[in-house]
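Keep in mind that the numbers below use all heavy atoms, side chains included, and drop hydrogens, waters and symmetry copies. Numbered from 1 within each chain, the chains take letters A, B, ... in sequence-line order. Here the structure is a predicted model, which means the values were calculated and not measured.
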There are 2 protein chains.
Amino acid sequence: MATLADIGLAAGINILSAFVFFVAFAILRLQPFNDRVYFPKWYLKGLRSSPTHSGAFVRKFVNLDCWSYIRFLNWMPDALKMPESELIDHAGLDSAVYLRIYLMGLKIFVPVAFLAWTILVPVNWTNSTLELAKLKNVTSSDIDKLSISNVPQASNRFWAHIIMAYVFTFWTCYVLLKEYEIVASMRLQFLASEQRRADQFSVLVRNVPPDPDESVSELVEHFFLVNHPDHYLTHQVVYDANKLAQLVKKKKKMQNWLDYYQLKYDRNNSKRFFTKTGFLGLCGEKVDALDYYTSEIEKLSKEVVAERERVASDPKSIVPAAFVSFKTRWGAAVCAQTQQCRNPTLWLTDWAPEPRDVYWQNLAIPYVSLTIRRLIMAVAFFFLTFFFMIPIAFVQSLASIEGIEKVAPFIKPIIDVGFIKSFIQGFLPGIALKLFLIFLPTILMIMSKFEGFISLSSLERRSATRYYLFNLVNVFLGSIVAGSAFQQLNSFIHQSPSDIPKTIGMAIPQRATFFISYIMVDGWAGIAGEILMLKPLIIYHLKNFLLVKTEKDREEAMDPGSIGFNTGEPQIQLYFLLGLVYATVTPALLPFILVFFSLAYVVFRHQIINVYNQEYESAAAFWPDVHGRVIVALVISQLLLFGLMATKEAATSTPFLIALPVLTISFHSFCKGRYEPAFVRYPLQEAMMKDTLERAREPNLNLKSFLQNAYLHPVFKSADDDDEDDDYDGEKWEKDSVLVPTKRSSRRNTPLPSRISATSSPSLPEVHEDSRP
Amino acid sequence: MATLADIGLAAGINILSAFVFFVAFAILRLQPFNDRVYFPKWYLKGLRSSPTHSGAFVRKFVNLDCWSYIRFLNWMPDALKMPESELIDHAGLDSAVYLRIYLMGLKIFVPVAFLAWTILVPVNWTNSTLELAKLKNVTSSDIDKLSISNVPQASNRFWAHIIMAYVFTFWTCYVLLKEYEIVASMRLQFLASEQRRADQFSVLVRNVPPDPDESVSELVEHFFLVNHPDHYLTHQVVYDANKLAQLVKKKKKMQNWLDYYQLKYDRNNSKRFFTKTGFLGLCGEKVDALDYYTSEIEKLSKEVVAERERVASDPKSIVPAAFVSFKTRWGAAVCAQTQQCRNPTLWLTDWAPEPRDVYWQNLAIPYVSLTIRRLIMAVAFFFLTFFFMIPIAFVQSLASIEGIEKVAPFIKPIIDVGFIKSFIQGFLPGIALKLFLIFLPTILMIMSKFEGFISLSSLERRSATRYYLFNLVNVFLGSIVAGSAFQQLNSFIHQSPSDIPKTIGMAIPQRATFFISYIMVDGWAGIAGEILMLKPLIIYHLKNFLLVKTEKDREEAMDPGSIGFNTGEPQIQLYFLLGLVYATVTPALLPFILVFFSLAYVVFRHQIINVYNQEYESAAAFWPDVHGRVIVALVISQLLLFGLMATKEAATSTPFLIALPVLTISFHSFCKGRYEPAFVRYPLQEAMMKDTLERAREPNLNLKSFLQNAYLHPVFKSADDDDEDDDYDGEKWEKDSVLVPTKRSSRRNTPLPSRISATSSPSLPEVHEDSRP
């Protein structure tokens, strides 16, 4: 049991580290040579030019204006100043709605914390159960005096907790309802006010049945000409360009090496460098680096051209999928929402994702394979979830004073020093857990990719769901049950359904201090560390030093990253879960959660405005997931409170809790019916309205040319950057492929087209580092 | 424990009663005056004229041809002779597919029974566990010697059971898959080959938002003219004619009474009869019956006319729902499958049910109300399911010899007589259970109606689901757990999730004899009793004697009934469950199940050909439910086998069973994705094909006039039969309302239009009986 002093020390450490991060950030961001790391969004938008071009030489790299250091926190009000509508224009709806999750946390927990402290804390505090227990040699901390543990068995005071459970539930549901309403209308408004976009007119059709007489392209054209005669406009087949994409990637890597040696060569007065051809340049034949890479690039270029020709000419490289475009949004909306063919596993139509959102590798997976893949991944995820549990529980049981002393009795004298003891108790369990979780998102993303989702946004949503489940089982339940007694785990499976909430419920007040320390490490210091952007900072400067020759190179060296819905959202959800579970049990935890939500809101608002570059725009398609998970957290909190109450012998009051989960679940089903369709379907009324408006405004619009090349595999698009392939493009990709200029400036928004085809977004920056000798 | 002799006696009794039923049926059906009870389907089809019109007087009523009595079972081959395609034409796809459920039972269980008897029975039989146990004074029956109970603990022989569990699962899944495929293609073929029907062109739109400036009709027209400009044809608003329907019903009842007294008056040489005006004619003022009813009918007629005018003129009697018809099937398919409006709770579009399938009362329920109704019914059903359990368990514990002796020790001497003892053990538990279940379907149907479903078919499907769940919890689990030990029930909730399959699994072999007796009572004698049609027989003759004056009256007195999906299908599912659960555990039960499936198949095929008149045609929309429930039975059987094995200490072999439910569930999700869309959506390709064909065949078709009055509340349609309202109809219901004659002869298929608007179909015939003094 951690005492108040332990918690105070941990809080001190974490506040200090957060403070250190902020100061470091304040110093680093003001240095002009870091400008591209801390303000890449503005560069990508073209609204900021390189500061290194103006002023004195030293000022190009170091900021000497002392005044600006004193106001080291003034980015906070700046971050909050931008109004939401401007934010949507600036960073997209996804980002703006993502911030609303934090805001929703504040909206829920500020009144909940207030009520809990004014009503529940006095009710708990004015008992003396724990003091009496102390006389009987049962240890308890000061935090516990504020918690439900301090209320005596079978007390009438439990009525207060039950009523507050109802109040908290109703308030949470009310906020959820309002937020769902707002986000749904924001989404619809966003879709309505948007520019003309290719995905509004397009439908992705998959599982085109093979036909011996016709090519995929002809088949698609005939099918849609027959079944959507008034609306079909054009289509684009999908090429299996995975091998080509690999070659292009490899060529780019070689180019990087060439640049590196070229730069070295220039700086070192024309000294020759040598490299080895084998693994990581460590073994194999020794050759002249410049010659070697030049010839390799030459070879690869030829291969790329050959592969490109093969893809374009070989009918086998056309996968049985196509992007079909319609004359009107109405036609596309109809086609996306209806079944086309007798056999529902053929001619599957879905809304086409945004072009930059498409995950090209998965477009060709047939239906039966998808079912099997899903089964395999479900089983794999089950094992992943339940085998991860063992090491976490082991580390956590070590990370208690008693555990360490048992394993290594010789360090007992060191541990017994008050400061170190507090440090271990307040800090270590959180760190151990956090370390475990770092490598998880990549694994989950790979699993989602294997499952065959066709857009980056759905991949991220799926990974987020899995990550959340993992967090729920391992971080939340794992910490409660295994942390308090690992040996309970085995007996846990053999308990009755009514005993499980009891066991967990009983353990919950005891684990409050652990979760407080977890919140401080993960939620305070972690979020403050986020703003430092340490990894991108290092990578940028490394690249800048080693590779950058031109301004274009420097632009490519920027890696602003993106929000990372698949890791960020499940993390927030854990705080919702903790907040809701502890709201009635240990209100002392709530202020820590409030600090997290406010801090994270400011930090992420700043990051979204200045740093992150969104990879795609899904128009807040993730909100139903967010909503659903808060509901899950609510139901879990109610069941655990029920279990806890059942152990408190409050027989008269406890049964009143049964109605809560029933009401919550039916509230969820109401919300699902009422708002979810706004996120998965596209109302015909809206489509018709936009079509009519457009027809009136631009009667002579050449839609076909606008849609012609919208869905081109990025590897063909990136070819535009290479000089040698220009003629080739003009030859192959249709005659009238002149893009109608739009304001969308999609080239600037997708500075790293290869990311879309890479296996895992977050791990990409390391690719260059790892292969460096 | 029932011995083999007990079972033999029970089997004898049940076979005898089935035989008696068949003989009685053979005698009764050959009597010409019963012709309308046993062959109503042919009368309704107009293919059979009344046999009372030809031949000698006696022969009109009694069949004197002895030869025909000898071949008393020759209806069986007759019933099997009709090929399936002809059956579909004759009785509709619903009936034909309903029969396939029994056929599927045979397909699954014939090979399963064969394998179980050739492999598992020898494996079980050649042990002596139970004989050894008998020495230790543990009682067991001969049936148990064939069951898994006879295999010693931790024996390697359990491998046989596990392998057979896999074989049975794969075979069942294979049959399910094939059947799903066949039924789906039958459905699509049926839909494709069908005549032009109004529901192919129509969509039901509900929750039309209120508008202060426009009427519902104008609003609907404008909305669809804007959003489906190329396809919208016409629409029909829905009138709230519930009060009118009540008045018409009341008038009809009065008319019946008038006919009754008129007939009495005619027969008794003009003697006057008196009746009382109060409750059931038992109290109140004494009046002349003929005068009273004539004046009452007069009064009601006027009320009907007034109400009809009010409904037609009052805009408040138009509910915010409408049937919208389109120019093409394509247009209707599109509208039904898409979302119309921003707000997904407004302008809800669904496929229009067949006109005779519409449940008119529920068309006006708003969205929020639906959510609340569903919640209320879910809670109510939960309580219904779990409070019904107590009386059943009580009766069953009484119905064991020990139970009866304990409650009433004085009848011990009577019970101890061998014959009575066997009778009680073999017969009573089944009867007690059956009696409980008779009143349930009506309650469940009322619950479904309250929930707001809009078609009779969906009402029946919902009731069937509920009935199945009820059967599962109360008949199956209730009989296993409560039957063997009622006191287990309470401790049951407090058991661990891994112990529940164990407890049930252990009880399963012991309950085999109970379920065998249940199958014989419910499945053998019950099905044989079904063919006698005792209730319709009595009602028909009562009506014939009391009311019938004209040939038309006689036609109305026929009550052929319908299949009753809501009661029949859950009953079959119980047999699937029993068969699958006992296949590996007690193969001795399987032959009884086989007898049930074959007997029921023949009986119901006969009934469907000769008796039942289908109320609606849903084109086998119920098949996904049937499929899903067999899957549930399969998973339950696997879990219970797992539980049973776990108690048998077969540690090496048991874990191999874990994969079975996972595989089964993923098989289900595959089937769901592959075949279910055929039952809920209408592929555009099909629609387009039919449209194109039709356009080529009948280029000058006036579709509007065909669709104009398709969806008229039946109370307005039945008005055509009344003389006085003819002029009124012509005036109100549009000018060009001449129906295009079709072959569908819908008037003949719906001889009881008031049934559609009645609260509960099966209880209707009693209405006339109850009110008779």
Within 6.0 Å of NZ in B/Lys672, more than 12 heavy atoms from elsewhere
no
For B/Trp347, which atoms come within 4.5 Å of any heavy atom of chain A: side chain, backbone, both, or neither?
neither
Choice from [options] maximising heavy atom contacts with chain A below 4.5 Å:
options: B/Pro229, B/Ser669, B/Pro677, B/Ala378; answer: B/Pro677
options: B/Ala333, B/Gly673, B/Ser185; answer: B/Gly673
options: B/Gln339, B/Arg374, B/Met689, B/Glu676; answer: B/Gln339
options: B/Leu188, B/Thr338, B/Leu370; answer: B/Thr338

Side chains of A/Gln340 and A/His228: donor-acceptor distance under 3.5 Å anywhere?
yes
Are any non-hydrogen side-chain atoms of B/Ser666 and A/Thr371 less than 4.5 angstrom apart?
no
Looking at side-chain heavy atoms only, is the closest gap between A/Phe670 and B/Leu375 below 4.5 Å?
no
Can you label the angle between the B/Phe679 ring and the B/Tyr180 ring as parallel, tilted or perpendicular, going by 30° and 60°?
tilted
If you tally heavy-atom pairs under 4.5 Å between each of A/Cys341, A/Cys335, A/Pro683 and chain B, the highest tally belongs to A/Pro683
